[in-house]
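Data first, discussion second: the structure below is written as structure tokens.
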Amino acid sequence: MAARSMRRRALTAAGAVLAAAALLVACAPDTQIEVDAPEQAAAELPEDTRAQLDAAVQNAMAATASTGAIVGVWAPWSGSWVAGIGADAAGAPVDADMSFRVADVTRMMTCDVLYAVAAEGIVELDDPVVDYVAGYPNLTDVTLQDLCDGTAGIGNYEAVIGGSWIDNPERVWDPLEIAAFGLGQPRSAVGTEYRNSDAGYALLGMALERATTTRVEVLFDRYLFEPLGLESTSLPGDRAAAPSDHALPGYRIVNNPDGTLNCAEPRDMTVISASLGNTDSGVVSTVTDLGRYVQAVAVGATATDVDRWAEPLPVFGGAPGWFTATGGALQAGSLIGQYGSVPGYMTAAFADPATGMTVVVVLNNSTASADVVRDLSWELAAIASKAPATSGFTAPEFGLPWTAEQYRESVSQTNICR
């Protein structure tokens with residue numbers, strides 16, 4: 001693949017981004033969020049570890065027809081590696097500080113806002129959603145917490161209308177309209193299973209907006225982005241736009257008339273309306289901001305008044321016992337985070353609360369299943385977990401319930417345009 005030989009730019013001094021006992025204190029109107037995390041070594045990760053990480057990303061790029069990727073890996077006892085890899089379709093190199101769409105990582109953020117609003121007494125976690133969003137008499141038994149946990153028994157709207165996003169990415173979607181496509185799917189009993197429900201997070205965003213009489217993008221800024229100092233992170237408005245003026249270009253490969261993939265002409269999906277994701281998958285960020293954020297979530301800094309991880313459920317029937325979901329997040333072994341895709345981007349972000357190890361990665365082609373970027377992030381985490389300690393630090397005793405080789409093989413099974 002051409003991206004294998006492209007220039008890459010790394011932020012080699014990024015080790016200090018996730019510092020020990022970090023006080024991320026950019027001021028919000030009324031509060032700041034303190035993040036107590038393990039001390040981060042300022043060094044680069046060892047050359048051999050960086051080479052393994054780079055090879056993993058290059059393999060995933062080839063498997064997904066991605067021309068570019070951005071990756072951040074922080075192993076506090078060893079060092080860090082933050083890099084832009086590859087190029088856009090025109091050959092311009094990827095910078096590590098480019099912005100991108102975080103996809104389903106937005107779900108954790110929506111739940112963070114719910115917990116903050118509940119802590120102020122504006123809502124209760126067990127309030128029925130119909131108290132705030134009228135017109136759904138069949139949802140009287142669904143609470144705000146159910147929507148956050150993914151246990152409301154509600155379906156997924158992307159499965160119904162996702163194809164239209166590729167053909168008409170600039171269309172503005174009303175949250176009620178888009179949620180209705182998920183609500184029209186067969187329901188399961190409330191509280192009995194986790195479902196990957198984008199419609200549920202759309203409803204939760206509407207409920208928060210109406211309970212507070214404040215637009216959701218303002219709520220995200222007030223309760224999350226400003227208190228954590230995430231200066232390059234936002235929930236954009238509905239107007240179609242790129243993630244920022246300095247964005248990673250995103251692509252999607254469409255079908256030829258005969259059903260084969262048109263690999264020669266990837267469709268540019270950089271400019272889309274965030275309304276297709278909104279409080280489910282609409283946020284934009286950068287790799288260092290997202291690293292700070294997912295580490296804050298993992299250590300419990302963004303939801304201090306609730307036991308967020310108390311009642312996890314399997315992500316799917318037959319899932320490994322170590323793969324569960326609750327509180328808008330996924331738990332994979334000791335890692336906490338999320339992953340997903342929106343047109344043009346596949347993104348994953350996971351962190352270990354005990355050691356501070358953090359992995360963020362985005363691929364700039366959304367044609368493949370988002371499971372590929374999940375598997376890549378877990379491969380990267382397995383590699384980083386074995387990084388040796390740098391001078392003055394001690395490597396922690398912890399492990400993950402998988403190997404890098406397992407997920408390298410899984411990623412390699414994807415074959416988009418190769």
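What you see is a predicted model; the values in this text were computed from it and never measured.
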Quick check: does any side chain N or O of [X] sit under 3.5 Å from a backbone N or O of [Y], one acting as donor and the other as acceptor?
X      : Y      : answer
Arg101 : Gly277 : no
Tyr157 : Ala202 : no
Asp146 : Thr143 : yes
Ser78  : Ala75  : no
Asp352 : Thr355 : yes
Arg374 : Tyr339 : no
Thr192 : Ala189 : yes
Thr64  : Ala60  : yes
Thr233 : Ser285 : no
Ser197 : Ile154 : yes

Check: Do the two ring centres, one from Phe323 and one from Trp378, sit under 6.0 Å apart?
Finding: yes
Test item: [X] and [Y] side chains (from C-beta on) under 4.5 Å apart, heavy atoms:
X      : Y      : value
Trp309 : Thr324 : no
Glu158 : Ile161 : no
Val373 : Thr347 : no
Trp74  : Gln40  : yes
Thr110 : Asp280 : no
Thr279 : Val216 : yes
Gln295 : Leu290 : no
Val82  : Val71  : no

Hey, what do you get for [atom1] ([X]) to [atom2] ([Y]), rounding to the nearest 0.5 Å?
X      : Y      : atom1 : atom2 : answer
Ser273 : Arg239 : OG    : CZ    : 10.0 Å
Asp95  : His246 : CG    : NE2   : 4.0 Å
Met206 : Leu208 : CE    : CG    : 10.5 Å
Asn59  : Ser412 : CG    : OG    : 3.5 Å
Asp371 : Thr414 : CG    : OG1   : 8.5 Å
Ile416 : Cys263 : CD1   : SG    : 8.0 Å

Next item on the list: Starting from the C-alpha separation in whole Å, work towards a yes-or-no answer on salt bridge (Lys or Arg N to Asp or Glu O under 4.0 Å) for Arg171 and Glu177.
Entry: CA-CA 12 Å; Arg171 173 179 170 173; Glu177 175 192 16; 2.5 Å; yes
Checklist line | Glu193 and Thr151: CA distance, side-chain angles, deciding distance, side-chain contact (heavy atoms from CB on, under 4.5 Å) verdict | finding: CA-CA 6 Å; Glu193 65 177 359; Thr151 57; over 6 Å; no
Notebook entry, point to check: Are there more than 12 heavy atoms of other residues, nucleotides or ligands under 6.0 Å from atom CG of Asp167?
Noted result: yes
Check: If you count the non-hydrogen atoms of other residues, nucleotides and ligands that lie under 6.0 Å from CD in Gln406, is the total more than 12?
Finding: yes
For [X] and [Y], work out which heavy atoms get closest and say how close.
X      : Y      : answer
Ile253 : Cys417 : CD1-SG, 3.5 Å
Met357 : Ser385 : SD-N, 3.6 Å
Ala199 : Gly155 : CB-O, 3.5 Å
Gly282 : Ala274 : O-CB, 4.0 Å
Val342 : Ala103 : CG1-CA, 4.0 Å
Gln58  : Ile85  : NE2-CG2, 3.5 Å

Notebook entry, point to check: Between Tyr345 and Phe100, is a ring pair (Phe, Tyr, Trp, His ring centres under 6.0 Å) present by the stated rule, with each step listed?
Noted result: CA-CA 7 Å; Tyr345 305 87; Phe100 52 86; 7.3 Å; no
Check: Name the one of Leu363, Asn365, Asn364, Thr67 that satisfies side-chain contact (heavy atoms from CB on, under 4.5 Å) with Met61?
Finding: Leu363
Notebook entry, point to check: In terms of side-chain geometry, is the basic nitrogen of Glu120 or Arg222 positioned less than 4.0 Å from the acidic oxygen of its partner?
Noted result: no
Item checked: Pairing of Asp112 and Arg308 as salt bridge, 4.0 angstrom limit -> yes
Next item on the list: Please test Tyr194 against Asp149 for side-chain contact (heavy atoms from CB on, under 4.5 Å), starting from the C-alpha separation and ending with a verdict.
Entry: CA-CA 7 Å; Tyr194 169 77; Asp149 288 340; over 6 Å; no
Check: Between Trp402 and Trp322, what is the ring plane arrangement, given parallel below 30°, perpendicular above 60°, and tilted in between?
Finding: tilted
Next item on the list: Could you check Arg292 against Val35 for side-chain contact (heavy atoms from CB on, under 4.5 Å), going step by step and ending with a plain yes or no?
Entry: CA-CA 9 Å; Arg292 290 179 199 160; Val35 181; over 6 Å; no
Notebook entry, point to check: Step by step, would you call Ile336 with Leu330 a side-chain contact (heavy atoms from CB on, under 4.5 Å)?
Noted result: CA-CA 6 Å; Ile336 292 171; Leu330 304 175; over 6 Å; no
Note to self: Side chains of Tyr251 and Glu265 only: does a donor on one sit below 3.5 Å from an acceptor on the other?
What the structure shows: no
Margin query: side chain to side chain donor-acceptor pair (under 3.5 Å) for Ser164 and Asn168? Distances and angles first, verdict last.
Written below: CA-CA 6 Å; Ser164 68; Asn168 190 11; over 6 Å; no
Check: Would Asp375 and Ser410 count as a side chain to side chain donor-acceptor pair (under 3.5 Å) if you check the C-alpha gap in whole Å, the side-chain angles of each, and the deciding distance to 0.1 Å?
Finding: CA-CA 7 Å; Asp375 293 353; Ser410 179; 2.6 Å; yes
